[in-house]
Structure formats: C-alpha cells, structure tokens
Amino acid sequence: MTTPNPPFPVSDLARFHEEVLGWFDDAARDLPWRRDASPWAVMVSEFMLQQTPVARVLPVYAAWLERWPTPADLAAEATGEAVRAWGRLGYPRRALRLHAAAVAIVERHGGEVPHSREELLALPGVGDYTAAAVESFAFGGRAVVLDTNVRRVFARVVSGVQFPAAGVTAAERELATTLVPVADAHRWAAATMELGALVCTARSPRCEECPVADICRWRAAGFPAYDGPARRGQAWDGTDRQCRGRLLALLRDAPGPVEKASLDAVWPDAKQRERCLDGLVADRLVEPVGDDSFALPGHRPR
DNA sequence: AACCCGTGGTA
DNA sequence: TTACCAAGGGT
C-alpha cells in the first residue's frame, strides 16, 4: 500500500472508527460462528473460509461441528473422513491441516484451542491471518486482522488506491496497527472485514451505502484505477488442479476403494493423470489400497 | 517472491 | 461468455 499523500487526517480516524463500528451494529450478518461459537468452532470457520465464500461454507460448517464438536472428536477420526466431509469447499489440503491442527491441539494443549499468537501460528494450516482471526474472534484479543477485505478497505479509505499490493508489506501492517482503536479492537476487526465483504467489494463497491464515503481517499481522488503490476489470473482448464479435483471427487463420492480403471476414466491425459494421482498420494489426500485401487486415507493418525 | 493448491458464483 | 474473485497457507 502506498503512503497516503496528503496523509489520512487524524480527525478522520475517529470518524472512521465511529462510523464503521456503528454501521456494523446494524449491518453485521448473523453468521453461526458469530453466535457464541466455541474457539474450536471459530477455528473451523476460519479454515473453511480461507479462499471459500461464506455461502458455500455454511452447510459444511454446520455438519462438521455437529459431527466433531471438539478438537478431540476430530483428532480421533480418520483423516480421510475429514477430506470426505470437506466436500466441495476446495483446497482439500485444508481438511488435512485442520485435522492435523486438531491432533496438535489435543497433544500440546490438552484439547483446548490455545490463546497465544505463537502457539496458534505453530498449528498446521494457521498463518498470520488465521492466528489473528482466532485471537480476535474467539478470544476477543487485540490482533491486527489483515484479510483481503480489510486490506482493500484500508487501501481505499486511507491510502486512496483501488487495491492493495500483492503481498502484505511491513508498512501496510504498521498502518493497520495504528488504525486499531483503543477500545473494541475485536469488533473493529469484524467490522472492517464486514465492510469489505458487503460494501467495499472488489468489483462493484456500493459507495452510496458506505458509512465512510465522505472520508474515503480513493473516492476523493476520483476512483483512480489500479495501476500496479498485473495480477495473474488463475488458469483452470487442463491444469493439474482440475485433474486432481476430478480424481479426488470420484474418491470422495465413492463409499470405499475405487479401482484404478475408474480413475483412469476421469482424465484423458495418462501422463498428467499419473502425476496428479502420485501427487495426491504424496500429499496424503489419497492412499493406495491393495494392488489396483485407491481410497481416501482410512488410517487413524499415529 | 512466485507459484501451487479447488470450486463455483458473478459482473 | 469469460474473467475475476473468494475470511490464505505452505514452500
């Protein structure tokens, strides 16, 4: 994020806090992980929400927590069951990491989700964002929560640009730190995220509904278009990801092991297919069964 | 730092 | 229709 010029006026900061927090009181969605959810439930939601929209997470989240209400419940389960229950949320390695995080929570933290940033970051699948989100949403901590929504809101309102840079810079983190209000840090995190999700959206921002339109530096500058390096698109047709998705979908939808011949039928390019199947096995998303079949991993951890 | 990893909704 | 995009993490 570039340095604002002129800088974001200090007088606007108080209004930023007041308006966004006030807007959140009325506009916040009633999401299940916001209704006195346990720390584990918050963690489950955060894993599922990594790169997956809320609407698709909702049903899987509900089923998941009904089946595995605590880390110990999931930790005692076969990893393949986690992959199956993950369904079509995408990036199924997240299911494996969530399972591994549950095992680590049982082994290292007596089955309770840890509070500290350091302990959270040490869990599989927990990076800067997720650690901050759990600190903030599960425990009411003062973490600096920087997700794609918050970054976009700050880029626009404070820095006056359409989109933030590709990666979080030290300056951006510092700026975000200075923006956290003295009181209500965890509500600030949720509120700025919600504003980005509902109003200050990536493609068609609803500025007419925005509580801070009058102090928005991007708007004041006339909505200048993003002028940074081109953001690479995500190719899909013919990629290994598509191939892996097809293979795993077949295994997920089957009650037990699937013969190699059936897997061969879902992807025409034999060389790529073999590479992807090997990759899935290497990733522990799939395991060989007998001589000529494959299945989701059926073994218990340890 | 750049690239890999799924899936489906939307403008 | 085709890109873009979504509460990122690991390497």
Side-chain angles (χ1 to χ4, degrees), chain A residues 28-29 31-34 37 41-61 83 86-98 100-101 120-138 143-153 162-170 186 188-198 200-206 226 228-253 266-267 275-276 279-280 282-286:
Chain A
R29 290 168 291 179
L31 300 171
W33 44 88
R34 288 177 178 165
V42 171
M43 179 171 280
V44 168
S45 78
E46 292 303 339
F47 270 74
M48 291 183 174
L49 288 163
Q50 291 169 3
Q51 298 285 283
T52 301
V54 167
R56 266 196 293 147
V57 164
L58 289 171
V60 182
Y61 168 86
V83 173
W86 197 255
R88 305 186 69 80
L89 289 182
Y91 292 143
R93 292 193 289 193
R94 290 182 291 162
L96 247 29
R97 292 182 187 138
L98 181 52
L120 287 166
L121 279 173
L123 298 174
V126 177
D128 279 328
Y129 164 75
T130 302
V134 172
E135 270 188 273
S136 185
F137 305 145
V144 176
V145 180
L146 271 184
D147 81 318
T148 187
N149 292 303
V150 175
R151 296 188 65 214
R152 188 174 54 249
V153 168
Q162 186 178 20
F163 296 117
V168 178
T169 63
H186 70 283
W188 172 250
T192 48
M193 199 177 295
E194 194 79 335
L195 187 66
L198 299 182
C200 195
T201 57
R203 282 199 248 181
S204 304
R206 300 169 173 82
Y226 175 78
R231 292 169 297 169
R232 64 187 191 293
Q234 307 176 31
W236 179 246
D237 280 339
T239 60
D240 282 6
R241 294 158 83 183
Q242 185 184 29
C243 179
R244 287 167 57 108
R246 292 251 187 98
L247 293 168
L248 200 58
L250 184 62
L251 294 167
R252 212 169 38 220
D253 297 339
V266 305
W267 195 262
R275 178 175 72 239
C276 289
L280 288 169
D283 289 345
R284 305 281 187 179
L285 282 163
V286 172

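What you see is a predicted model; the values in this text were computed from it and never measured. Throughout, a chain's letter reflects where its sequence line sits, starting with A, and its residues are numbered from 1.
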Nearest whole angstrom, please: distance from the [atom2] of [N] to the [atom1] of [X].
{"X": "A:Phe47", "N": "C:dG8", "atom1": "CZ", "atom2": "P", "result": "13 Å"}
{"X": "A:Arg29", "N": "C:dA6", "atom1": "CZ", "atom2": "C1'", "result": "11 Å"}
{"X": "A:Asp147", "N": "C:dC5", "atom1": "CG", "atom2": "C1'", "result": "13 Å"}
{"X": "A:Leu121", "N": "C:dG8", "atom1": "CG", "atom2": "P", "result": "16 Å"}
{"X": "A:Arg151", "N": "C:dA6", "atom1": "CZ", "atom2": "P", "result": "11 Å"}
{"X": "A:Leu96", "N": "C:dG9", "atom1": "CG", "atom2": "C1'", "result": "14 Å"}

(message) Just so I know, are the side chains of A:Tyr91 and A:Gln50 near enough to count as touching, which here means a heavy-atom distance under 4.5 Å?
(response) no
(message) So A:Arg88 and A:Arg252, do their side chains get closer than 4.5 Å, heavy atoms only?
(response) yes
Please report the distance separating the [atom1] of [N] from the corresponding atom of [M], rounded so that it comes out in whole Å.
{"N": "C:dT1", "M": "B:dG8", "atom1": "C1'", "answer": "16 Å"}
{"N": "B:dA11", "M": "C:dA7", "atom1": "P", "answer": "14 Å"}
{"N": "B:dG6", "M": "C:dA6", "atom1": "C1'", "answer": "12 Å"}
{"N": "B:dC5", "M": "C:dT2", "atom1": "P", "answer": "23 Å"}

(message) Generate the contact string for nucleotides 5-11 of chain B. Rules: B means base contact, S means sugar-phosphate contact only, - means no protein heavy atom under 4.0 Å.
(response) BBBSBBS
(message) Before we go on, tell me: are the rings of A:Trp33 and A:Tyr61 under 6.0 Å apart, centre to centre?
(response) yes
(request) Taking all heavy atoms of A:Leu285 and all of A:Leu248, pick out the closest pair and write down the distance. (result) O-CD1, 4.0 Å
Between [X] and [Y] (side chain of the first, backbone of the second, donor and acceptor by atom type, cut-off under 3.5 Å), is there such a pair?
{"X": "A:Arg206", "Y": "A:Leu198", "value": "yes"}
{"X": "A:Arg151", "Y": "A:Pro164", "value": "no"}
{"X": "A:Arg94", "Y": "A:Gly125", "value": "no"}

When all nucleic acid strands are considered with a 4.0 Å heavy-atom cut-off, which category describes [X]: base, sugar-phosphate, or nothing?
{"X": "A:Ala133", "result": "nothing"}
{"X": "A:Thr148", "result": "sugar-phosphate"}
{"X": "A:Leu31", "result": "base"}
{"X": "A:Trp33", "result": "base"}

(message) A:Phe137 and side-chain contact (heavy atoms from CB on, under 4.5 Å): which single residue from A:Met43, A:Arg34, A:Met193 fits?
(response) A:Met193
(request) Assess whether side chain to side chain contact (heavy atoms under 4.5 Å, CB included) is satisfied between A:Arg152 and A:Asn149, documenting all intermediate values. (result) CA-CA 5 Å; A:Arg152 188 174 54 249; A:Asn149 292 303; 2.9 Å; yes
(message) Can you pull out the residues from residues 124-132 of chain A that lie within a 4.0 Å heavy-atom distance of DNA chain B?
(response) none
